[in-house]
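Since the structure comes first, as structure tokens, the remarks are kept for the end.
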Amino acid sequence: MNQQDVKDILLNLQNKQYIESDITHTFSENNTAVFSVKYSKNEQSFEVIQIETNSLNRFEDVDSAVHCIAALITK
């Protein structure tokens, strides 16, 4: 998955047709969830949650969230 694919996913989460929904996209490796991302309408930010550590990072713009997710994918 490249950065444009990730950006497309995030823009889809932010899409107004889904804005009233709580949609989370989970990334997994070998059928094990590694991290998830969702768009918080209330915070107007993307929330990237690392499943194992339960750490949360918020990003107000798509590009910052994409950079974080790309780094997590390449780990």
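Any value given below was found using the heavy atoms of this structure, including those in side chains, with hydrogens, waters and symmetry copies removed.
For the pair D63/K7, a side-chain contact is recorded, criterion being any heavy-atom separation below 4.5 Å from C-beta on. Within the 4.5 Å cutoff, no side-chain heavy atoms of I51 are placed close to those of V34. Using a 4.5 Å heavy-atom threshold, the side chains of Y39 and L10 count as separate. Counting only heavy atoms from C-beta outward, the side chains of F27 and L72 never approach each other to under 4.5 Å. In this structure, the side chains of N57 and Q50 come closer than 4.5 Å at one or more pairs of heavy atoms. In this structure the side chain of I9 never reaches within 4.5 angstrom of the side chain of I69, judged on heavy atoms.
One finds the CZ atom of F59 at 14.0 Å from the CD atom of E43 (value rounded to the nearest 0.5 Å). The line from NZ of K38 to OG of S45 is 9.5 Å long, rounded to the nearest 0.5 Å.
Annotation for V37 and L13: closest pair O-CD1, 3.8 Å, computed over non-hydrogen atoms. When all heavy atoms are compared, the tightest approach of T74 to A71 is OG1-O, 3.1 Å.
Put simply, the side chain of N30 never gets that close to the backbone of T32: no donor and acceptor are under 3.5 Å apart.
Note on I23: it clusters hydrophobically with M1, by side-chain heavy-atom contacts below 4.5 Å among ILVMFWY residues.
Summarising the local packing, CD of Q4 is surrounded by more than 12 heavy atoms from other residues, nucleotides or ligands at distances under 6.0 Å.
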